[in-house]
Amino acid sequence: MPYYVTTPIYYVNAQPHLGHAYTTIAADVLARHMRQRGEDVFFLTGTDEHGEPVALAAEAAGVTPRELADRNSARFEALMPQIESSNDYFIRTSDPRHVEAVQEIMQRVHDAGYIYKGSYEGLYCPSCADFKTGQEVGPGDTCPVHGIDLIHEKEENWFFKLSAFQEPLEKLFADNPDFVRPPERRNEALSFIRSGLRDISCSRAGLSWGVEVPWDPEQVFYVWFDALLNYVTALRFAREGEDLTDRYWPANVQLVGKDILKFHAVFWPAILMAAGLEVERSLVVHGYLLMDGEKMSKSLGNVLDPFEVIERFGADALRFYLLREVQFGADGSVGTAGFESRYNSELANDYGNLASRTIAMIGRWRDGTVAAVDHDPELVKDFEGIDVQVAELLDRVEPTQALEAIWVRVRRLNRFVEEQAPWQIAKEPERSAELDVVLASLAEGLRSVTVALHSFMPDSTTKVLAKLGTPDTDWQAAAYKPSGDGMQVTPIEPLFPKP
RNA sequence: GCCCCGGUAGCUCAGUGGUUAGAGCGACGGACUCAUAAUCCGGACUGCGCGGGUUCGAAUCCCGCCCGGGGCACCA
């Protein structure tokens, strides 16, 4: 089955930070997991490059918008391998192929009668050459960029008939209870729709850094229309000479942060309907990462620096930490203290040390060979359904709960070692068969949790599986097999060394 | 103002009508030695924001209130 997962495209005016890494990592876990299950996966991320802020920043830096976009987009593209993102493509909205596709699709929306000329009225900054709204308006109706007074002005714009989609959207939400998750975000979007949809302007005059409106070269599309369409345009050109649209659209899961809920839960499906395209299957909204309960901000200097964490502890540890610490969907606190605590107690002590002790015991008493025997029935029972359970949780995009389900088994394995005390059995040669069962059960349990963890920590788990002599990461391999076919293990270095 | 979500052990949270309300972390005590001084066990922390109500029975349902967070349109 095709499985298409997307992240938002990141606005090039900002530096890559933890929030970008978080969304991308979550999407990557889903993509890798679905690949383990043999699905036909396409995972998209990229950068959003048009719009006034970029044009202004470029002007301030004395470069062209394209030069600025090239430079900053490259930073995001460089982030991907650092966080072990396995995205299949990285789209840039300044790509001429994207621009062309946006024009084609919006022309269709226009021809279908969903676009009309209207006038946009609001507070205008002559220096920015753009209208200011909401938080963009400084105290006393001034421009926060230039500090000058804004003037009330009208501009001729093209408008998108969002109001025409009031009922279709309500029906979409009614027919698909899981269209937006978690439910509180669904409520939020739905109440927005029910409060009455107004038409929105979809073009801007006097700005050149954008996608030109094909029937009116004096205007460019409002950046959201250009940006949202990336999810479908990318499929047209991501693979040379092949159009992947029919294969992957509609997307199975579109991950977004809660700040852009409205655009993805309301505007986006309306645009798709207007263009005669299918609507995305589901939108999954995550929360903010907070630092000690405060919203992250550079000025507060409380940012957990993802690059520093990766440098010192590896990308696997960052991936694990972010999805483990914060209930996916809710806001949650992250910080260096919390990171170190989980790194030490869970990655190093619980899991890393489990791998060390398991492999060491098999080496010491069995010369690295795991006997092909039936496993401990109680352990077998406790591992029953681990594969099904984790797969279901990830289907529901509950990575935090999936990790918890796996961790219950990791702890179970450490308890099993203490209960069985193999070092005692090893002292009594007549209990040799017992020792075989204990070690084989343990090795199988370690192998099972490791396969289950593979999408979260691709690097570390690959190492462990290699040392166990069982490199298979297909999802069937996540199931605990109650009778072993024997493994050959080799010594392993500490997976998550303590500083 | 209207709407949504939350308020459970020192901390982070699970638990949506029914045995003595749970987990992880932290702290304390103990066991063990295969392992990255790792692991395991134990009791304790006697806690469901407040006030009513429904019920044989409520953390769990209803009403009101208090506190915290979020949303209420064109900020990418």
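Within every chain, numbering begins at 1; the chains are lettered A, B, ... in the order of the sequence lines, protein sequences first and strands thereafter.
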Engineer: In whole Å, what separates the C1' atom of B:rG24 from that of B:rU39?
Structural biologist: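 Between the two C1' atoms, the distance is 16 Å.
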Engineer: Between A:Ile425 (CD1) and B:rC32 (P), how many Å, whole number?
Structural biologist: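 About 17 Å, once rounded to whole Å.
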Engineer: Flag the pair A:Arg357 and A:Glu418 as a salt bridge only when some basic side-chain nitrogen lies within less than 4.0 angstrom of an acidic carboxylate oxygen.
Structural biologist: yes
Engineer: How far does the C1' atom of B:rA14 sit from the matching atom of B:rA23, given to the nearest Å?
Structural biologist: 7 Å
Engineer: Starting at atom CD of A:Gln254, determine the distance to atom P of B:rA76, rounded to an integer number of angstrom.
Structural biologist: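 The answer, rounded to whole Å, is 20 Å.
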Engineer: Check A:Glu212 against A:Phe221 and note the closest heavy-atom contact, atom names and distance.
Structural biologist: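 Result for this residue pair: O-CE1, 3.9 Å.
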Engineer: Using purine N1 to pyrimidine N3 plus N6-O4 or O6-N4 for Watson-Crick, or N1-O2 and O6-N3 for G-U wobble, both under 3.5 Å, which nucleotide pairs with B:rA58?
Structural biologist: none
Engineer: Please work out if A:Asn13 contacts a base, only the sugar-phosphate, or nothing of the nucleic acid, heavy-atom cut-off 4.0 Å.
Structural biologist: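 It contacts nothing in the nucleic acid.
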Engineer: Taking OP1 and OP2 of B:rC41, is either one under 4.0 Å from a side-chain nitrogen or oxygen of A:Arg415?
Structural biologist: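 Answer is yes, contact under 4.0 Å.
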Engineer: Counting only Watson-Crick or G-U wobble pairs whose two distances fall under 3.5 Å, which nucleotide matches B:rU19?
Structural biologist: none
Engineer: Check this for me: does the side-chain of A:Asn353 come within 3.5 Å of the base of B:rA38 through a donor and an acceptor?
Structural biologist: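 Check fails, no donor-acceptor contact within cut-off.
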Engineer: Using a heavy-atom cut-off of under 4.0 Å over every strand shown, decide if A:Ser356 touches base, sugar-phosphate, or nothing.
Structural biologist: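 Since a base atom lies under 4.0 Å of A:Ser356, the category is base.
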Engineer: From the list B:rA35, B:rA76, B:rA38, which nucleotide is the closest neighbour of the side chain of A:Trp224?
Structural biologist: B:rA76
Engineer: Consider ring-ring contact (aromatic ring centres under 6.0 Å, His included). Of A:Phe496, A:Tyr343, A:Tyr321, which one does A:Phe313 pass it with?
Structural biologist: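 Per the ring-ring contact (aromatic ring centres under 6.0 Å, His included) rule, the option paired with A:Phe313 is A:Tyr343, out of A:Phe496, A:Tyr343, A:Tyr321.
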Engineer: To the nearest Å, give me how far apart CG (A:Leu261) and P (B:rG69) are.
Structural biologist: 20 Å
Engineer: Just checking A:Gly352: base, sugar-phosphate only, or nothing, at a heavy-atom cut-off of under 4.0 Å?
Structural biologist: base
Engineer: Calculate the interatomic distance between A:Asn414 atom CG and B:rA35 atom C1'; express it in whole Å.
Structural biologist: 9 Å
Engineer: Do A:Tyr10 and A:Ser73 get their side chains close enough for a donor-acceptor pair, meaning under 3.5 Å?
Structural biologist: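 Absent: no donor and acceptor within the cut-off.
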Engineer: Identify the nucleotide, in any strand shown, that forms a Watson-Crick or G-U wobble pair with B:rG51, with both distances under 3.5 Å; if there is none, say none.
Structural biologist: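 Partner of B:rG51: B:rC63.
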Engineer: Classify A:Trp365 by what it touches in the nucleic acid, base, sugar-phosphate, or nothing, heavy-atom distance under 4.0 Å.
Structural biologist: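 A:Trp365: backbone/sugar contact only, no base atoms under 4.0 Å.
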Engineer: Grab the N/O contacts between the protein and nucleotides 1-5 of chain B below 3.5 Å, and write none if there aren't any.
Structural biologist:
{"from": "B:rC4", "atom 1": "O3'", "to": "A:Asn187", "atom 2": "ND2", "distance (Å)": "3.3"}

Engineer: Between A:Arg342 (CZ) and B:rA38 (P), how many Å, whole number?
Structural biologist: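 That distance rounds to 18 Å.
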Engineer: For the residue pair A:Phe159 and A:Asn157, what are the closest heavy atoms and their distance?
Structural biologist: CD1-O, 3.6 Å
Engineer: Please list every donor-acceptor pair under 3.5 Å in which a side-chain atom of residues 266-275 of chain A meets a protein atom from a residue at least two apart or in another chain.
Structural biologist:
{"from": "A:Trp268", "atom 1": "NE1", "to": "A:Gln254", "atom 2": "OE1", "distance (Å)": "2.9"}
{"from": "A:Trp268", "atom 1": "NE1", "to": "A:Glu280", "atom 2": "OE1", "distance (Å)": "3.3"}

Engineer: Which of the following nucleotides, B:rC72, B:rU36, B:rG69, is nearest to the side chain of A:Asp331?
Structural biologist: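 Nearest nucleotide to the side chain: B:rG69.
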Engineer: What does A:Ile359 touch in the nucleic acid at a heavy-atom separation under 4.0 angstrom: a base, only the sugar-phosphate, or nothing?
Structural biologist: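 Here A:Ile359 touches no strand at all.
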Engineer: Could you tell me how far B:rC32 sits from B:rU16 if I compare only their C1' atoms? Round to whole Å.
Structural biologist: 42 Å
Engineer: Just name whichever nucleotide pairs with B:rG1, Watson-Crick or G-U, keeping both distances under 3.5 Å, else none.
Structural biologist: B:rC72
Engineer: Taking the C1' atom in each of B:rG18 and B:rU60, what is the distance between them to the nearest angstrom?
Structural biologist: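 It comes out at 11 Å once rounded to the nearest Å.
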Engineer: Return the value, rounded to whole Å, for the distance between atom CG of A:Asp259 and atom P of B:rG71.
Structural biologist: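 For the pair A:Asp259 CG and B:rG71 P, the rounded distance is 10 Å.
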Engineer: Taking atom C1' in both B:rC40 and B:rC4, what distance in whole Å separates the two?
Structural biologist: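 Nearest-Å result for B:rC40 against B:rC4 at atom C1': 45 Å.
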Engineer: If we take the C1' atom in both B:rC13 and B:rG17, what is their distance in whole Å?
Structural biologist: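 It works out to 22 Å between them.
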Engineer: Which one, B:rA23, B:rA73, B:rU36, comes nearest to the side chain of A:Leu495?
Structural biologist: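 Nearest listed nucleotide: B:rU36.
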Engineer: Which one is paired to B:rU39, where only Watson-Crick or G-U wobble pairs with both distances under 3.5 angstrom count?
Structural biologist: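 Paired with B:rA31.
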Engineer: Reckon A:Gln327 has a side-chain N or O less than 4.0 Å from the OP1 or OP2 of B:rA14?
Structural biologist: no
Engineer: Take the protein atom CD of A:Gln401 and the nucleotide atom P of B:rG24, then report the distance between them rounded to whole Å.
Structural biologist: 17 Å
Engineer: Is A:Lys381 paired with A:Glu384 through a side-chain N to carboxylate O contact shorter than 4.0 Å?
Structural biologist: no
Engineer: So, is A:Lys258 close to the B:rG69 phosphate, meaning a side-chain N or O under 4.0 Å from OP1 or OP2?
Structural biologist: no
Engineer: Under 4.0 Å from OP1 or OP2 of B:rA38: is there any side-chain N or O of A:Lys498 that close?
Structural biologist: yes
Engineer: In whole angstrom, what separates A:Glu418's CD from B:rC40's C1'?
Structural biologist: 4 Å
Engineer: Given side chain to side chain contact (heavy atoms under 4.5 Å, CB included), test A:Arg185 with A:Arg181 step by step and report yes or no.
Structural biologist: CA-CA 6 Å; A:Arg185 296 299 165 204; A:Arg181 285 170 292 171; over 6 Å; no
Engineer: For B:rA44, what is the paired nucleotide under Watson-Crick or G-U wobble rules, both distances under 3.5 Å?
Structural biologist: none
Engineer: Could you give the distance separating B:rC2 and B:rA21 at their P atoms, to the nearest angstrom?
Structural biologist: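 After rounding to an integer number of Å, I get 38 Å for this pair.
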Engineer: Show every donor-acceptor pair shorter than 3.5 Å between a side-chain atom in residues 190-203 of chain A and any protein atom, with sequence neighbours excluded, or say none if there are none.
Structural biologist:
{"from": "A:Ser191", "atom 1": "OG", "to": "A:Asn187", "atom 2": "O", "distance (Å)": "3.3"}
{"from": "A:Ser191", "atom 1": "OG", "to": "A:Glu188", "atom 2": "O", "distance (Å)": "3.1"}
{"from": "A:Ser195", "atom 1": "OG", "to": "A:Phe192", "atom 2": "O", "distance (Å)": "2.7"}
{"from": "A:Asp199", "atom 1": "OD1", "to": "A:Leu162", "atom 2": "N", "distance (Å)": "3.2"}
{"from": "A:Asp199", "atom 1": "OD1", "to": "A:Ser163", "atom 2": "N", "distance (Å)": "3.0"}
{"from": "A:Asp199", "atom 1": "OD1", "to": "A:Ser163", "atom 2": "OG", "distance (Å)": "2.6"}
{"from": "A:Asp199", "atom 1": "OD2", "to": "A:Tyr116", "atom 2": "OH", "distance (Å)": "2.6"}
{"from": "A:Ser201", "atom 1": "OG", "to": "A:Arg204", "atom 2": "NH1", "distance (Å)": "3.1"}
{"from": "A:Ser203", "atom 1": "OG", "to": "A:Trp158", "atom 2": "N", "distance (Å)": "2.9"}
{"from": "A:Ser203", "atom 1": "OG", "to": "A:Gln219", "atom 2": "OE1", "distance (Å)": "2.5"}

Engineer: Of all heavy-atom pairs between A:Ile359 and A:Ile492, which one has the smallest distance, and what is that distance?
Structural biologist: CD1-CG2, 3.8 Å
Engineer: Rounded to whole angstrom, note down the C1' distance from B:rU55 over to B:rC62.
Structural biologist: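 Looking at atom C1' only, B:rU55 and B:rC62 are 12 Å apart.
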